[in-house]
Each structure stands twice: as C-alpha cells, then as structure tokens.
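See structure below.
As the structure is a prediction and not an experimental result, all values here were calculated from the model. In the text below, chain A, chain B and the rest are named by the order of the sequence lines, each starting its count at 1.
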Protein chains: 2
Amino acid sequence: MIFIQNEVFKALADPTRRQILKLLSSGDMSAGDIARCFDMTKPSISHHLGILKAAGLILDERRGQNIIYSLNMTLVQDIIRWFFDFTKNDSEEERS
Amino acid sequence: MIFIQNEVFKALADPTRRQILKLLSSGDMSAGDIARCFDMTKPSISHHLGILKAAGLILDERRGQNIIYSLNMTLVQDIIRWFFDFTKNDSEEERS
DNA sequence: TAGATAATTAGATAAATATCTAAATATCTA
DNA sequence: TAGATATTTAGATATTTATCTAATTATCTA
C-alpha cells in the first residue's frame with residue numbers, strides 16, 4: 001500500500017495551487033511567469049509555491065535571477081496509484 | 001478535461017476522512033461502526049461523514065436505526081482521471 | 001407508548017490558513 | 001559597485017476548520 005504524506009493532500013486542497021500545477025503540466029515556468037497568471041500578489045503566489053514544494057509536488061531550480069518551477073511527475077504517479085488502490089476491493093465476501 | 005469540485009479536494013485534505021474512505025473501500029459500514037474505529041467522538045465523525053457526503057465521495061442509506069455509508073467509486077475513478085491528465089504533456093516543444 | 005439505541009445538529013473554541021503590505025535576499029548589468 | 005529585477009521572508013489579520021459537549025431527531029422493541 002502506497003503512502004502519500006498529509007501535506008500533499010493539504011497542498012492539493014487549494015484551487016490556486018491546483019491551477020499552478022495545471023500550468024506546470026504544460027511546461028516549466030518561473031515564479032514571475034506563474035504569478036502573472038493570477039490576480040494575486042507575488043508574495044501570495046510565493047507562499048503557494050512554497051507549500052507545493054514542501055509537499056514535493058513541484059521542484060525548483062534557480063536559473064540566474066529566475067527560479068524555475070516544474071511538476072514532480074513521480075509524485076503525481078504515486079498519487080494516481082494511491083487512488084487506484086481504492087478500486088481494488090479487499091473484502092472477502094466480494095471475491096469471486 | 002475532467003472537472004473535480006473544490007469540496008472533493010478539501011474533503012481529501014483531512015487524515016481522518018481519508019482513513020474513513022480506506023475503511024469503506026473494504027465494504028459498507030454504519031456511522032457507528034466507523035466511529036468505533038477512531039479515538040474521536042461520534043459527532044466529530046458525523047461531521048467528517050457530512051463533509052465526505054457533501055463532496056460526493058461517499059453515499060448513505062438508512063437501514064433501520066443505522067445509516068450505512070459506502071464509497072462512491074464513480075467519483076474515485078473521476079479523480080484518478082483528473083490526476084492522469086497531468087501525465088499527458090500538452091506543450092508544443094515536447095511533442096516528438 | 002416509553003425507553004433504548006443510532007446518528008445528527010447546534011453552539012463554542014482553539015488552531016490552521018490564505019491573503020495582504022513592507023522588508024530582505026539574490027542576481028544581473030551598466 | 002549602484003541600481004534594477006526577481007523572488008522570498010516577516011508580520012498582521014480575517015476566515016475557515018476540527019473538535020468538543022449538550023441537545024435533538026429517528027427508529028426499534030418490549
């Protein structure tokens with residue numbers, strides 16, 4: 001049984017953060033690029049990026065003045081597996 | 001692109017609620033049966049069940065004095081599809 | 001119908017969180 | 001090195017949320 005940290009689910013519970021993940025699924029972006037997509041201050045977006053990073057959902061890399069964020073596909077795959085485990089019924093009476 | 005309501009992710013953000021879902025993946029249970037699995041008052045569990053139900057993650061049916069809860073597998077499958085969409089890169093430069 | 005059992009609702013409270021402004025840090029370039 | 005740009009950190013605040021106790025609702029059965 002796969003284990004996913006609580007912080008991962010907490011990170012996913014905010015619509016802004018899920019939108020950030022969607023953006024990153026199309027390609028890596030700098031913090032500024034990401035912030036420009038939202039009607040929110042840069043510190044607020046930075047806060048969300050920090051939560052996503054702490055959860056391991058995104059990775060960061062400084063490139064000059066910019067910090068480039070990318071989606072951590074490995075964790076996304078683990079999450080899919082975690083949900084997929086619900087589709088395997090492990091009760092006795094249901095076994096054919 | 002599949003859409004999952006914000007309440008679904010909020011419901012998943014609590015460890016007690018995820019544990020309830022795990023329990024229900026093995027088979028339907030009454031509210032009391034569920035409450036007995038936790039070191040928490042019945043009203044607190046009832047609160048969590050209400051949030052899971054409002055999110056559509058669980059279904060309920062009264063059977064005499066008991067209310068039987070079950071996992072809504074259809075929504076679980078939709079969630080899997082939602083995460084799976086992240087694994088399809090839709091950027092131009094990455095296309096082979 | 002009275003009492004017992006199962007479950008929820010109401011109301012209170014402490015903790016967590018999303019957001020903002022202001023300040024700090026890091027990097028580049030003229 | 002001074003100024004500009006990119007980003008984060010600090011600190012404050014309003015809102016949300018998880019939990020509890022007490023009260024209410026629904027059902028069964030003697």
Between [X] ([atom1]) and [N] ([atom2]), how many Å, whole number?
X: B:Glu61; N: C:dA6; atom1: CD; atom2: C1'; value: 16 Å
X: B:Gln65; N: D:dT24; atom1: CD; atom2: C1'; value: 16 Å
X: A:Asp60; N: C:dT27; atom1: CG; atom2: P; value: 13 Å
X: B:Ile45; N: C:dA6; atom1: CD1; atom2: P; value: 16 Å
X: B:Asp14; N: C:dA16; atom1: CG; atom2: P; value: 13 Å
X: A:Ile34; N: D:dA6; atom1: CD1; atom2: P; value: 14 Å
X: B:Ile68; N: D:dA26; atom1: CD1; atom2: P; value: 18 Å
X: A:Met40; N: D:dT7; atom1: CE; atom2: P; value: 17 Å

What is the base-pairing partner of [N], counting Watson-Crick and G-U wobble geometry with both distances under 3.5 Å?
N: C:dG11; result: D:dC20
N: C:dT17; result: D:dA14
N: C:dA30; result: D:dT1

Using heavy atoms to find the nearest nucleotide of DNA chain C for A:Arg63 and A:Asp39 separately, return the residue whose nucleotide is more 5′.
A:Asp39

Assign each of A:Ser44 and A:Gly64 the nucleotide of DNA chain C bearing its closest heavy atom; nearer the 5' end lies the nucleotide of A:Ser44

Could you go through the side-chain contact (heavy atoms from CB on, under 4.5 Å) check for A:Asp78 and A:Arg81 one step at a time?
CA-CA 5 Å; A:Asp78 284 348; A:Arg81 233 170 286 145; 3.2 Å; yes

Name the orientation class of the two ring planes belonging to A:Phe83 and B:Phe83 (parallel below 30°, tilted from 30 to 60°, perpendicular beyond 60°).
parallel

Where is the tightest heavy-atom contact between [X] and [Y], given as atom of each residue plus distance?
X: B:Lys53; Y: B:Ile58; answer: N-CG1, 3.6 Å
X: B:Ile4; Y: B:Leu75; answer: CD1-CD1, 4.2 Å
X: B:Asn72; Y: B:Gly56; answer: ND2-O, 2.9 Å

Which pairs would a plain distance check flag for residues 43-51 of chain A, meaning a side-chain donor or acceptor within less than 3.5 Å of a matching protein atom at least two apart in sequence or in another chain?
from	atom 1	to	atom 2	distance (Å)
A:Ser44	OG	A:Thr41	OG1	3.1
A:His48	ND1	A:Arg17	NH1	3.0

A:Phe86 CZ: over 12 foreign heavy atoms closer than 6.0 Å
yes

Any cation-pi pair here, A:Lys88 with A:Trp82, using under 6.0 Å and within 45°?
no

Name the nucleic acid region contacted by B:Arg17, choosing base, sugar-phosphate or nothing; use a 4.0 angstrom heavy-atom cut-off, strictly under.
sugar-phosphate

Does B:Tyr69 reach a base, just sugar-phosphate, or nothing at all? Heavy atoms under 4.0 Å.
sugar-phosphate

In residues 46-55 of chain B, which ones come under 4.0 Å of DNA chain D, going by heavy atoms?
B:His47, B:His48, B:Ile51

Is any side-chain nitrogen or oxygen of [X] closer than 4.0 Å to OP1 or OP2 of [N]?
X: B:Lys42; N: C:dA6; result: no
X: B:Thr41; N: D:dT19; result: no
X: B:Ser30; N: C:dA7; result: yes
X: B:Arg62; N: C:dA6; result: no

Nearest of D:dC20, C:dT27, C:dA7 to any side-chain atom of B:Asn66?
C:dA7

Measure from the side chain of B:Pro43, starting at C-beta and using heavy atoms only, and say which of C:dT5, D:dT9, C:dT8 lies closest.
C:dT8

